[in-house]
Amino acid sequence: MALEIQIGDRLANVEKVSEEGSRMLINIDGKEFDVDLVMVEEGVYSILYNGKSFNVELVNTDDPKSYTVNTLYNSYEVDIIDAERKYQMSRRGGDVDEETYISSPMPGKVVKIPVSVGDEVKAGDPVIIVSAMKMESEHKVKKDRVVKDILVNEGDVIEGNQTLVVVE
Amino acid sequence: MALEIQIGDRLANVEKVSEEGSRMLINIDGKEFDVDLVMVEEGVYSILYNGKSFNVELVNTDDPKSYTVNTLYNSYEVDIIDAERKYQMSRRGGDVDEETYISSPMPGKVVKIPVSVGDEVKAGDPVIIVSAMKMESEHKVKKDRVVKDILVNEGDVIEGNQTLVVVE
Amino acid sequence: MIEKVLVANRGEIAMRIMRSCREMDIRTVGIYSDADRTALHVRYADEAYHIGKAPSSDSYLHIEKIIAQAKESGVDAIHPGYGFLSENATFSKRCQEEGILFIGPDPMAIETMGDKITARKTMKEAGVPVVPGTAEPIKDESKVVETIHNIGLPVMIKASAGGGGKGMRLVMTEEEILPAVRSAKSEARESFGDDSVYIEKYIKSPHHIEFQILEDKQGNAVHLFERECSVQRRHQKVVEETPSPIMTPEVREKMGRDAVNAAKAVNYRGAGTVEFVTDDNLNYYFLEMNTRLQVEHPITELVVGIDLVKEQLAIADGKDLSVTQKELTQKGHAIECRIYAEDPNENFRPSPGKVKHITEPMGQGVRVDGYVYEGYEIPIHYDPMISKLVVWGLTRKESIERMRRSLYEYKITGVKTSIGFLEKVMKQSDFIAGNYNTNFISHHWDELMETEECGEDCEQMAIIAALVDFEKKQQYAKSSQNNGQAEKTSYWKYFGRQKNLTRI
Amino acid sequence: MIEKVLVANRGEIAMRIMRSCREMDIRTVGIYSDADRTALHVRYADEAYHIGKAPSSDSYLHIEKIIAQAKESGVDAIHPGYGFLSENATFSKRCQEEGILFIGPDPMAIETMGDKITARKTMKEAGVPVVPGTAEPIKDESKVVETIHNIGLPVMIKASAGGGGKGMRLVMTEEEILPAVRSAKSEARESFGDDSVYIEKYIKSPHHIEFQILEDKQGNAVHLFERECSVQRRHQKVVEETPSPIMTPEVREKMGRDAVNAAKAVNYRGAGTVEFVTDDNLNYYFLEMNTRLQVEHPITELVVGIDLVKEQLAIADGKDLSVTQKELTQKGHAIECRIYAEDPNENFRPSPGKVKHITEPMGQGVRVDGYVYEGYEIPIHYDPMISKLVVWGLTRKESIERMRRSLYEYKITGVKTSIGFLEKVMKQSDFIAGNYNTNFISHHWDELMETEECGEDCEQMAIIAALVDFEKKQQYAKSSQNNGQAEKTSYWKYFGRQKNLTRI
């Protein structure tokens with residue numbers, strides 16, 4: 001089964017050609033890799049390729065087709081683009097304007113929401129301030145906006161990447 | 001729901017009286033225990049009882065109703081005796097003569113089987129020799145027996161507690 | 001005789017203290033907030049009690065709750081660790097009043113050292129060098145200029161009512177003096193309605209060097225040599241080492257004597273640290289005294305061989321110091337790296353969350369003082385420090401090599417950490433040469449921010465692992481639809497569920 | 001210049017060696033058998049190659065396969081670790097022939113020390129004390145009696161063709177001599193058809209004390225003091241410490257000098273250990289020389305501060321020793337406990353299997369040299385040692401207390417271990433007093449086999465945990481029947497399945 005795998009900006013065509021025990025022949029963009037691969041711990045793979053020993057860890061996200069993949073020094077965002085995903089992507093149509101959903105990449109606590117629904121805010125104005133581990137982060141709008149919805153209250157504990165404020 | 005729990009030689013009547021978050025009131029043989037209990041790692045429980053901090057680890061066996069439970073210095077075999085298990089026990093009837101199934105508690109490799117099916121063996125005679133980690137163990141019959149069945153071959157890798165030889 | 005101690009702290013330092021208590025056969029009492037029920041110190045302590053809500057003010061900073069718990073548990077002493085109540089004179093006093101030993105100095109010593117102006121004055125009287133400068137604010141312009149000439153350039157002019165950099169001017173040359181004084185004063189007047197200023201000697205590329213001291217209740221005091229703490233980011237120490245690469249035996253002896261005098265001047269009791277700001281020529285000035293155990297105390301322990309927590313407990317118990325100055329020597333070299341839950345690629349933003357995997361470095365000369373475990377959720381409420389990685393080597397070179405190796409072995413996933421950043425510090429040529437001061441990180445920022453590449457193959461291996469893992473998932477999904485082995489796998493489903501719920 | 005090393009071993013010692021290589025910036029090549037694809041040394045090495053089937057004879061003992069792999073990988077040297085090929089003269093010779101550096105002595109030194117009779121003769125000539133006894137077998141009865149009188153009681157009579165205790169007699173008193181000689185000779189004649197015997201001085205309650213030595217290719221040699229290895233079970237070392245509690249500075253100097261002379265007598269190269277049997281009065285006799293790194297080498301590293309593997313590599317590279325005898329000192333005290341996968345309650349039966357959880361001890365003065373990780377299946381084919389727990393303390397007392405604390409913290413489940421047994425050794429009063437010899441374990445057997453109780457509450461807590469866990473399982477089983485969230489939990493089902501298949 002051939003798959004497309006998105007890794008950072010690169011889209012790779014990948015196929016497992018054959019498998020015998022831990023020995024696998026994998027084709028990536030036309031080049032064949034003869035590897036010996038075993039899962040040694042949950043989500044941790046030991047791969048021997050050309051004698052070289054690699055340790056690769058997969059960290060799962062909420063989406064079963066997305067991984068964070070850690071190698072020795074690099075960390076990659078990896079997405080499996082199978083038929084289903086392709087269909088979803090085609091249906092989704094144009095890009096969502098991510099800018100209208102304000103979130104914090106860091107989990108924490110909402111310290112202050114200096115705006116109310118209906119407020120007009122200028123580019124660079126903070127709309128929410130989140131604190132974690134003694135450090136506060138201001139989240140600002142990048143363009144002039146109107147506050148459409150506020151989904152959390154001051155004092156709330158929030159997860160990373162949760163939508164906090166909607167603007168338009 | 002009241003349950004019977006077998007721990008070593010003791011059979012205890014146990015019931016969870018109430019539960020609120022991590023706080024639980026448990027009745028064991030008529031005595032109430034007010035504990036604060038959380039699972040901190042897979043199978044590892046932290047229990048605070050009368051302020052004292054206990055760490056209890058449950059190791060699962062193949063049987064979902066049996067555990068090996070490790071406390072600081074002690075290791076217990078624990079069985080949950082619910083209605084189903086009681087029924088099974090009543091059906092099973094008298095004790096199985098464990099002595100007729102020879103097994104090794106230690107996984108390893110079969111080094112030698114000095115007997116054949118049909119052989120008459122004397123009490124104390126070894127019927128199978130297993131080796132693991134450079135150490136050999138002889139498994140002997142405790143009474144005069146006849147070898148009825150040999151389930152493994154010399155050189156086989158075996159698991160712990162697997163039946164190797166049947167005698168009668 | 002101390003037989004039972006309440007540790008009024010959390011995280012690695014709570015573990016650190018309890019470990020020494022266990023070696024001394026002293027029973028430990030842990031306390032925990034709502035956020036810390038699953039923390040390791042609760043599991044490690046002999047007894048543990050809930051003390052309040054997650055915010056520190058309701059728990060680890062709540063003096064009366066802690067005192068009440070200490071009395072109820074019948075402890076002989078309270079160890080405050082660092083941070084939280086460790087330098088709180090009121091807490092030290094409340095312990096005294098309740099007849100509980102406070103593992104630290106008495107309220108007076110904490111207060112004296114806690115107030116910068118009093119501390120500076122006390123040190124001057126004790127003959128400990130302080131940064132040259134004015135003791136009182138000056139209003140008169142000509143007096144300001146005269147003072148600057150007395151102190152000698154470069155100097156820093158600071159608004160006496162100031163803060164936030166307002167009314168602050170650095171003066172490097174003779175010609176800058178008058179314009180700087182005038183603009184500083186006018187800015188100060190506008191900002192604070194008060195144009196009086198302080199003048200302080202400016203130390204150009206300062207080193208932060210501190211001395212560990214111990215003093216017992218009989219007044220015996222020793223120093224345990226220096227720690228070099230100049231690798232800092234936003235005035236936070238990141239890497240510490242001992243001996244300092246710029247230290248000489250002569251200056252060490254002199255600074256050590258001054259550190260002991262600083263402690264004696266406030267009748268210090270216990271373990272403390274005297275911090276000095278030091279220039280490239282090893283001119284040094286008293287900066288402040290930390291009246292507690294420092295985060296970086298382990299490097300001293302590795303090089304000197306003394307367990308500082310055990311000494312703290314012995315001193316609190318009224319015992320004499322176990323060693324004299326003459327018996328103390330430095331052997332080898334030690335480095336500490338502080339491992340934070342933070343993302344170096346996003347300007348070191350904190351990264352709390354659930355720890356998925358940890359592989360700790362092991363082997364000769366490696367010490368990890370940590371507190372997180374696999375599956376542990378690092379709370380958002382407290383400090384982002386995960387652990388301290390400390391290594392010892394016979395030489396500075398060996399200890400850098402060992403630190404590099406240990407950072408390479410150290411794997412923590414689930415949260416972002418500063419491990420990769422620290423590896424780059426250990427490979428930076430000026431650090432290796434011992435040629436750095438407190439500007440090190442900002443000077444080498446670009447270099448330290450570069451991504452290390454593990455080569456073309458790395459990316460391919462990442463793709464392969466993802467492919468294989470995804471295909472296995474699919475196979476499993478299929479096979480579990482096709483057969484009815486529900487009974488047999490239910491246990492693992494259960495654990496799967498558990499983990500899913502808690503979002504590993 | 002050594003730039004790449006093949007490590008011809010597995011387990012903790014392969015990891016130990018690779019760690020030092022990494023610190024020295026030397027690339028490592030690992031080899032593995034069928035049983036070791038998932039072993040940590042394969043994951044840690046820069047390169048790793050499959051070498052053969054699980055039995056050692058097909059893999060870690062297969063000289064030609066290893067040589068071939070070394071040549072193919074272009075390594076400069078091979079480190080054999082301990083065990084396997086480390087004391088194999090043929091292997092050392094084959095490396096020489098192929099132009100690969102063997103990290104160890106040359107074939108001649110291995111052969112000389114490997115043969116007990118040649119070694120004894122060589123040592124005698126070098127002036128190193130050997131156990132008094134006959135060099136040649138004696139047939140004549142009166143000659144035997146005369147020899148016994150010369151050596152002095154007690155003595156051991158041994159059949160020269162003997163083995164398995166046949167023809168062996170211990171003679172404690174004058175009256176026993178003649179009957180013992182006669183019965184030994186007659187038993188020897190019956191058993192082996194040869195009634196000639198050796199006479200050897202009998203050491204009543206012997207201590208096993210060994211000295212670490214280093215010698216470079218230029219013939220510079222030093223000793224790194226002693227290790228006391230008298231805590232033994234079935235002639236296997238279990239606990240080692242340094243300094244020895246019975247050693248004096250005078251005897252240490254003398255024994256050290258003899259150890260260096262022993263090494264020099266065979267033109268030794270590299271790291272080696274000279275073992276002495278020692279009586280209560282510190283009379284000592286050469287026992288044997290181990291021409292390799294010892295399992296217990298870390299205690300020397302902790303007290304002396306030298307990395308022995310780095311010294312081995314430097315010596316193989318032709319470099320001079322990094323230190324002279326004068327520069328070497330002992331600081332503090334170190335103890336090693338060997339942690340085995342075995343069941344002390346079942347006569348120390350090996351306990352291979354899958355490791356479920358590990359919590360390693362941490363903090364000051366604690367070193368763990370191990371190789372297993374959570375989920376790792378300890379193979380049935382090799383040694384049951386899981387790790388070596390080594391601690392350092394400023395005094396012997398502190399180091400015992402630290403070991404006790406570290407054993408308390410060390411948790412390994414899934415396999416049985418000797419941790420609990422070692423805790424009892426650390427609490428045994430004769431051990432604490434330093435009053436023990438090689439009979440220690442058998443003398444205190446009953447005491448060491450007692451089960452420690454954690455009190456009445458413990459059993460109740462075990463019941464409570466089992467109840468709660470079982471109820472949670474049931475709840476989960478119910479809820480998963482009632483809802484159709486298959487998609488969302490499928491990933492965790494998958495891991496659940498994985499784990500189930502591999503029987504954690």
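Every chain is numbered from 1, with letters handed out A, B, ... down the list of sequences.
Heavy-atom pairs under 4.5 Å with chain B were tallied for D:Met385, D:Glu423, D:Glu471, D:Gln460; the largest tally goes to D:Gln460. Top candidate by heavy-atom pairs under 4.5 Å with chain D, chosen from B:Leu3, B:Asn50, B:Thr68, B:Asn74, is B:Asn74. The residue among D:Asn345, D:Thr413, D:Ile419, D:Asp383 with the most heavy atom pairs within less than 4.5 Å of chain B is D:Thr413. Between chain D and the options B:Val35, B:Val157, B:Leu72, B:Asp82, the largest number of non-hydrogen pairs under 4.5 Å is found for B:Leu72. Top candidate by heavy-atom pairs under 4.5 Å with chain D, chosen from B:Val78, B:Ile5, B:Val56, B:Ile28, is B:Ile28. The candidate from B:Val14, B:Thr71, B:Ile80 with the greatest count of non-hydrogen atom pairs under 4.5 Å with chain D is B:Ile80. Comparing D:Cys458, D:Ala465, D:Ala462, D:Pro352 by how many heavy-atom pairs each has under 4.5 Å with chain B, the most go to D:Pro352.
Ring geometry for D:Phe348 versus D:Phe421: interplanar angle over 60°, hence perpendicular rather than tilted (30 to 60°).
For CZ of B:Arg10, the number of neighbouring non-hydrogen atoms (other residues, nucleotides, ligands) closer than 6.0 Å is greater than 12.
Stacking of B:Lys65 on the aromatic ring of B:Tyr67 is not recorded, the 6.0 Å distance cut-off and the 45° axial limit not both being met.
Neither the backbone nor the side chain of D:Glu346 comes within contact range of chain B; no heavy atom of the residue lies under 4.5 Å from a heavy atom of that chain. Heavy-atom distances place no part of D:Glu342 under 4.5 Å from chain B, backbone and side chain included. With a threshold of 4.5 angstrom between heavy atoms, D:Tyr382 approaches chain B through N, CA, C or O but not through any side-chain atom. There is no contact between B:Asp29 and chain D, counting heavy-atom distances below 4.5 Å.
Taking the ring centroids of D:Tyr371 and D:Tyr376, they lie under the 6.0 Å cut-off.
Neither side chain, D:Thr417 nor D:Tyr410, offers a donor N or O lying under 3.5 Å from an acceptor on the other.
When the options D:Asp36, D:Asn9, D:Leu85 are evaluated for a side chain to side chain contact (heavy atoms under 4.5 Å, CB included) with D:Tyr60, the one that passes is D:Asp36.
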Quiz prompt | Worked verdict on D:Asp457 versus B:Tyr49 for side chain to side chain donor-acceptor pair (under 3.5 Å) | solution = CA-CA 9 Å; D:Asp457 286 341; B:Tyr49 170 61; 4.8 Å; no
Practice problem: Evaluate side chain to side chain donor-acceptor pair (under 3.5 Å) for B:Asn161 paired with B:Ser103, printing each intermediate quantity in order. | Solution: CA-CA 5 Å; B:Asn161 300 315; B:Ser103 66; 4.7 Å; no
